[in-house]
Amino acid sequence: MSSGILEIDAHRLITMKITRCLHTALLVSDLERSEQFYGSVLGLEKVDRVLRFPGAWYEVAGFQIHLIVADAFTIELNNPEKWGRNQHIAFSVANLDAAKEQLLAHNCPTQVSASGRAALFTQDPDGNVIELGEV
């Protein structure tokens, strides 16, 4: 007698296996300003993109950051006192002190990690949180 629920043979299920992270997409309001931040301040390599909507792609170690232009959006930090407890993207840096100097030279906001580890946070021009850690 069938209960009406689809019965699946558990032995024949194929488990999904994620093999690597490809990209993340970040919304930005001003592409030129964001390209200045991601390209010049963070020093990420810009890569070609074939899509027609406004945006730019950057890549580091095979991982891409897709900047997508959105006219009307706001980023609200759920925890403005601790930026790392909000949505963020994290990068490893070779020298955290040099990274902090670079950010400060470009008048970027910074916040030292509250955990005591060698990491700091900044925000792009639209408020997207970026973590930089010396790993």
Side-chain angles (χ1 to χ4, degrees):
M1 201 184 314
S2 175
S3 63
I5 298 173
L6 179 63
E7 294 182 26
I8 299 173
D9 182 358
H11 298 289
R12 295 188 346 174
L13 285 179
I14 298 172
T15 305
M16 175 176 30
K17 180 180 179 184
I18 295 175
T19 59
R20 70 181 187 140
C21 190
L22 299 175
H23 74 266
T24 191
L26 299 175
L27 298 179
V28 299
S29 62
D30 181 325
L31 186 58
E32 185 176 323
R33 185 176 65 169
S34 295
E35 287 180 306
Q36 165 68 22
F37 177 79
Y38 286 92
S40 297
V41 177
L42 294 185
L44 297 179
E45 178 185 349
K46 190 173 181 180
V47 295
D48 292 333
R49 63 187 288 276
V50 296
L51 300 175
R52 297 177 194 256
F53 59 87
W57 292 356
Y58 290 86
E59 186 169 327
V60 60
F63 179 77
Q64 292 188 352
I65 296 89
H66 293 184
L67 304 182
I68 299 173
V69 177
D71 294 329
F73 76 97
T74 57
I75 293 178
E76 293 185 34
L77 298 180
N78 292 327
N79 190 335
E81 293 80 32
K82 296 180 181 176
W83 294 351
R85 294 189 184 174
N86 293 278
Q87 277 184 256
H88 66 275
I89 183 170
F91 297 108
S92 175
V93 295
N95 183 310
L96 191 59
D97 291 331
K100 184 175 183 179
E101 287 180 29
Q102 175 83 357
L103 293 170
L104 294 176
H106 287 276
N107 298 313
C108 297
T110 61
Q111 185 180 83
V112 176
S113 174
S115 70
R117 61 192 173 81
L120 65 89
F121 296 88
T122 191
Q123 293 179 329
D124 75 6
D126 287 294
N128 290 300
V129 176
I130 312 292
E131 178 181 351
L132 301 172
E134 192 173 321
V135 181

Check for me, please, whether L44 and I89 land in the same ILVMFWY cluster - side-chain distances under 4.5 Å, paths through other members count.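 Per the 4.5 Å side-chain linkage, L44 and I89 are co-clustered.
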Once salt bridge (charged side-chain N to carboxylate O under 4.0 Å, His left out) is applied, do any residues pair with R85, and if so which ones, sequence neighbours excluded?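 Residues passing salt bridge (charged side-chain N to carboxylate O under 4.0 Å, His left out) with R85: none at all.
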For Q111 versus E81, what's the shortest heavy-atom pair and its separation?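 It is NE2-O, 3.0 Å.
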Of all heavy-atom pairs between E134 and L96, which one has the smallest distance, and what is that distance?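 Where E134 meets L96 most closely, the heavy atoms are OE1-N, 2.8 Å.
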Does any N or O in the side chain of E45 come within less than 3.5 Å of the main-chain N or O of V60, such that one atom is a donor and the other an acceptor?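 Side chain of E45 to backbone of V60: no pair is present.
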ring-ring contact (aromatic ring centres under 6.0 Å, His included) partners of H106, counting only residues at least two apart: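 H106 satisfies ring-ring contact (aromatic ring centres under 6.0 Å, His included) with no residue once adjacent residues are dropped.
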Determine whether V28 and I75 fall in the same hydrophobic cluster, where Ile, Leu, Val, Met, Phe, Trp and Tyr are linked whenever their side-chain heavy atoms lie under 4.5 Å apart.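 Cluster IDs for V28 and I75 differ.
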Does some side-chain heavy atom of L132 sit less than 4.5 Å from a side-chain heavy atom of L103?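 Yes, close enough: below the 4.5 Å cut-off.
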Salt-bridge present (D126, R33; N to O < 4.0 Å):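 R33 and D126: salt-bridged.
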When rounded to the nearest 0.5 angstrom, what distance separates CD1 in I65 from NZ in K46?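 Those atoms lie 13.5 Å apart.
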Quick check against the 3.5 Å criterion: does N79 have a side-chain atom that pairs as donor or acceptor with the backbone of N86?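 It does not hold such a pair.
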Does F121 have any ring-ring contact (aromatic ring centres under 6.0 Å, His included) partners at least two apart in sequence or in another chain, and if so, which?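 Partners of F121 under the ring-ring contact (aromatic ring centres under 6.0 Å, His included) test: H88.
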Is there a path of hydrophobic side-chain contacts, each under 4.5 Å between heavy atoms of I, L, V, M, F, W or Y residues, that connects F63 with F37?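 In one cluster with F63: F37, yes.
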